[in-house]
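Count residues from 1 along the sequence.
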Amino acid sequence: MPRTQRIIIPNLPYHVIKRGHNRNETFFVDQDYANYLSILGRGLEKYDCKCYAYTLMPNHIHILLSTSQPDH
């Protein structure tokens, strides 16, 4: 069953966690981390988000971010 949509409150930080399928690794070489950070940076800019902290681990990530955009 899908989760219900999150309510987005502008400028409120959210802790986002993303795990690999079955907790398998998602990053294998240093370039994978660099590519992910590049994509993250473009997404933050596109959606007017601020990233306060992040951790990239071989099988999951943690990101603390906020957006100034109200929920649509």
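Here the straight-line distance linking atom CZ of F27 with atom CD of E25 works out to 10.5 Å at 0.5 Å rounding. Taking CD1 from I9 and OG1 from T67, the interatomic distance works out to 12.5 Å, rounded to the nearest 0.5 Å. Rounded to the nearest 0.5 Å, atoms NE2 (H60) and OG1 (T26) are 9.5 Å apart.
At distances below 3.5 Å, at least one donor-acceptor pair connects side-chain atoms of N59 with backbone N or O atoms of R23. Side chain of N35 to backbone of D32: no donor-acceptor contact under 3.5 angstrom is found. Not one N or O on the side chain of Y54 forms a donor-acceptor pair closer than 3.5 Å with the backbone of L65.
Under the 4.5 Å side-chain heavy-atom criterion for grouping Ile, Leu, Val, Met, Phe, Trp and Tyr, L44 is not connected to L64 through any hydrophobic cluster.
Other residues, nucleotides and ligands place no more than 12 heavy atoms under 6.0 Å from the NE2 atom of H21. N11 CG: more than 12 foreign heavy atoms inside a 6.0 Å radius. Residue-environment remark: OH (Y14) exceeds the threshold of 12 foreign heavy atoms within 6.0 Å.
S66 and Y52 share a donor-acceptor pair across their side chains, judged by distance under 3.5 Å alone.
A pairwise comparison of heavy atoms in Y36 and I63 identifies OH-CD1, 3.9 Å as the closest pair.
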